[in-house]
Number of protein chains: 2
Amino acid sequence: MRFSKQRELIKNIVQTTNLHPTADWIYKKAKKNISNISLGTIYRNLSQLNQDGIINIIYDNNKARYDWNTVSHDHLKCNKCGDITDIHMHTEELQKKVWNQYKFEADNIEINITGICNKH
Amino acid sequence: MRFSKQRELIKNIVQTTNLHPTADWIYKKAKKNISNISLGTIYRNLSQLNQDGIINIIYDNNKARYDWNTVSHDHLKCNKCGDITDIHMHTEELQKKVWNQYKFEADNIEINITGICNKH
DNA sequence: ATAGTAATAGGAATTATTACTATTTATAAA
DNA sequence: TTTATAAATAGTAATAATTCCTATTACTAT
Ligand SMILES: [Mn+2]
Ligand SMILES: [Mn+2]
Ligand SMILES: [Zn+2]
Ligand SMILES: [Zn+2]
């Protein structure tokens, strides 16, 4: 993978927010630095960065969000303000359980909890 | 909500499969009975049925799937064959945990586990 | 039967994402 | 340094999933 200032910028944007931004949010932010950057470049680089284990993708209903935190963790999504916050459930236990009970070899466990956050 | 043969058919299709079908799968199946049914009707009725608690919606990456089983449960998705199977984790504990630790009032907990199923 | 209401079909619009292509750019060899 | 070339880019078109719109149809209560 060759260096590009676009990829560097995109990586930096993702790595300096905890908002779990969408591609479009990242695109708007990136345009402030590189005004003619294209949305295709955003998507291409986000998926490259994901493939290289540098960032994570999470799915919020029918859109992707990007997470700087590649360590396995889970999310709380507030129905009122839309905020997504990190939590850590102990998925190792679940992983064991699905193996023991279903002989299912889990490689990823994602827990998405929706409800009302403590700001309301 | 008034009776309609379209809604009855859509409900029946969802309630007689455990495949967690997409809107498009349901559409194709429905057309065999009502050849001029429209995709808009599929979506409208699926979301009505969901609002009335008759069926459930689950999100598989960036598309919706529909589940006849409205009792809280979770899913295993196989990366090889794409099959989605039901499991039951004990989410009551998780619900308590997020309340105690984060004061987050959970109304829905979805656990999505991907990996390799016991058919491979 | 008629009127009022609720549902429909069909297509247009929207949103998120991917694909295509001509041009530019990073890197490494000559 | 110049040059070769593979990778990346901008811009645009295409696709996929979903929602919105509107004229028409079907039920229901008078
Ligand atoms: Mn996170
Ligand atoms: Mn299910
Ligand atoms: Zn909130
Ligand atoms: Zn499988």
Side-chain angles (χ1 to χ4, degrees), chain A residues 1-14 17 19-52 54-67 75 77 79 82 84 110 112 114, chain B residues 1-14 17 19-52 54-67 75 77 82 84 110 112:
Chain A
M1 189 159 56
R2 227 168 50 178
F3 170 90
S4 87
K5 67 177 201 283
Q6 288 87 345
R7 185 181 306 116
E8 217 56 21
L9 172 61
I10 291 162
K11 183 166 68 175
N12 191 256
I13 289 171
V14 174
T17 182
L19 294 174
H20 304 86
T22 61
D24 200 60
W25 189 93
I26 295 162
Y27 176 51
K28 285 184 178 117
K29 196 122 202 265
K31 280 211 283 196
K32 289 175 186 168
N33 284 262
I34 301 174
S35 62
N36 69 333
I37 198 168
S38 90
L39 191 53
T41 298
I42 304 290
Y43 275 105
R44 181 168 14 81
N45 281 297
L46 287 169
S47 77
Q48 272 174 153
L49 291 166
N50 175 246
Q51 271 160 38
D52 289 18
I54 294 161
I55 64 170
N56 257 148
I57 302 182
I58 63 174
Y59 290 96
D60 173 21
N61 288 359
N62 56 355
K63 70 166 79 79
R65 291 182 174 272
Y66 300 86
D67 196 333
H75 297 98
K77 169 152 191 212
N79 289 329
I84 294 176
E110 229 180 86
N112 291 302
T114 59
Chain B
M1 187 159 56
R2 227 167 52 180
F3 172 89
S4 86
K5 66 178 203 283
Q6 287 86 348
R7 186 182 307 114
E8 216 55 21
L9 173 60
I10 291 162
K11 183 167 70 175
N12 190 257
I13 288 171
V14 174
T17 182
L19 294 174
H20 304 86
T22 62
D24 200 59
W25 190 93
I26 295 162
Y27 176 51
K28 286 184 178 114
K29 196 123 201 266
K31 281 211 283 197
K32 289 175 186 169
N33 284 263
I34 301 173
S35 63
N36 70 335
I37 197 168
S38 87
L39 193 51
T41 298
I42 303 291
Y43 275 106
R44 180 167 17 80
N45 282 296
L46 285 170
S47 78
Q48 274 176 151
L49 290 166
N50 175 246
Q51 271 159 37
D52 288 19
I54 294 161
I55 64 170
N56 257 147
I57 302 182
I58 63 174
Y59 289 96
D60 173 22
N61 287 357
N62 54 357
K63 70 166 79 79
R65 291 180 175 273
Y66 300 86
D67 196 332
H75 298 96
K77 170 154 190 212
I84 294 176
E110 215 179 292
N112 290 303

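Keep in mind it's a predicted model, so treat the numbers as computed, not measured.
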Sorted by position of nearest nucleotide on DNA chain C, 5' first, the leading residue of B:Phe3 and B:Ser35 is B:Phe3
First of B:Asn62 and B:Arg7 reached from the 5' end of DNA chain C, by closest nucleotide: B:Arg7
Return the 5'-most residue of the pair B:Arg44, B:Tyr66 with respect to DNA chain D, ranking by each residue's nearest nucleotide. B:Tyr66
So which one's nearest nucleotide on DNA chain D is more toward 5', B:Arg2 or A:Gly40? A:Gly40
Selected nucleotide, minimal atom distance to [X] side chain, candidates [options]:
| X | options | value |
| --- | --- | --- |
| A:Asn45 | C:dT8, D:dT9, C:dA9 | D:dT9 |
| A:Tyr43 | C:dA9, C:dA16, D:dT18 | C:dA16 |
| B:Ser4 | C:dT8, D:dA10, C:dA6 | C:dT8 |
| A:Thr41 | D:dA10, C:dT17, C:dA9 | D:dA10 |
| A:Lys63 | D:dA10, C:dA9, C:dA16 | C:dA16 |

For [N] and [X] - does any side-chain N or O of the residue sit under 4.0 Å from the phosphate oxygens OP1/OP2?
| X | N | result |
| --- | --- | --- |
| A:Ser38 | D:dA10 | yes |
| A:Gln6 | D:dA10 | yes |
| A:Gln48 | D:dA7 | no |

Point-to-point distance, once rounded to the nearest 0.5 Å, from [atom1] of [X] to [atom2] of [Y]:
| X | Y | atom1 | atom2 | result |
| --- | --- | --- | --- | --- |
| B:Asn12 | B:Ile26 | CG | CD1 | 11.5 Å |
| B:Ile58 | A:Asn112 | CD1 | CG | 12.0 Å |
| A:Leu46 | A:Thr41 | CG | OG1 | 10.5 Å |

Residue pair A:Asp67, A:His20: steps toward the side-chain hydrogen bond (donor to acceptor under 3.5 Å, both in side chains) verdict: CA-CA 5 Å; A:Asp67 196 333; A:His20 304 86; 3.1 Å; yes
What's the [atom1]-[atom2] distance between [X] and [N], to the nearest Å?
| X | N | atom1 | atom2 | value |
| --- | --- | --- | --- | --- |
| B:Ile57 | D:dT19 | CD1 | C1' | 13 Å |
| B:Asn61 | C:dT15 | CG | C1' | 17 Å |
| B:Asn33 | C:dA9 | CG | P | 13 Å |
| A:Ile42 | C:dT15 | CD1 | P | 19 Å |
| B:Leu46 | C:dA7 | CG | P | 15 Å |
| A:Leu39 | C:dT17 | CG | C1' | 8 Å |
| A:Asp60 | C:dT15 | CG | C1' | 14 Å |
| B:Tyr59 | C:dA16 | OH | P | 13 Å |

Determine which nucleotide pairs with D:dA17, using a 3.5 Å limit on both distances of a Watson-Crick or G-U wobble pair. C:dT14
G-U wobble or Watson-Crick pairing nucleotide for D:dT28 (cut-off 3.5 Å, both distances): C:dA3
Main-chain N/O of A:Arg44 paired with A:Arg7 side-chain donor or acceptor, under 3.5 Å: no
I'd like to know if B:Lys5 and B:Glu8 make a salt bridge, using a cut-off of under 4.0 Å between side-chain N and carboxylate O. no
By the 4.0 Å heavy-atom rule, please label A:Asp24 as base, sugar-phosphate, or nothing. nothing
Counting any heavy atom closer than 4.0 Å, what does B:Ile37 reach on the DNA or RNA strands: base, sugar-phosphate only, or nothing? sugar-phosphate
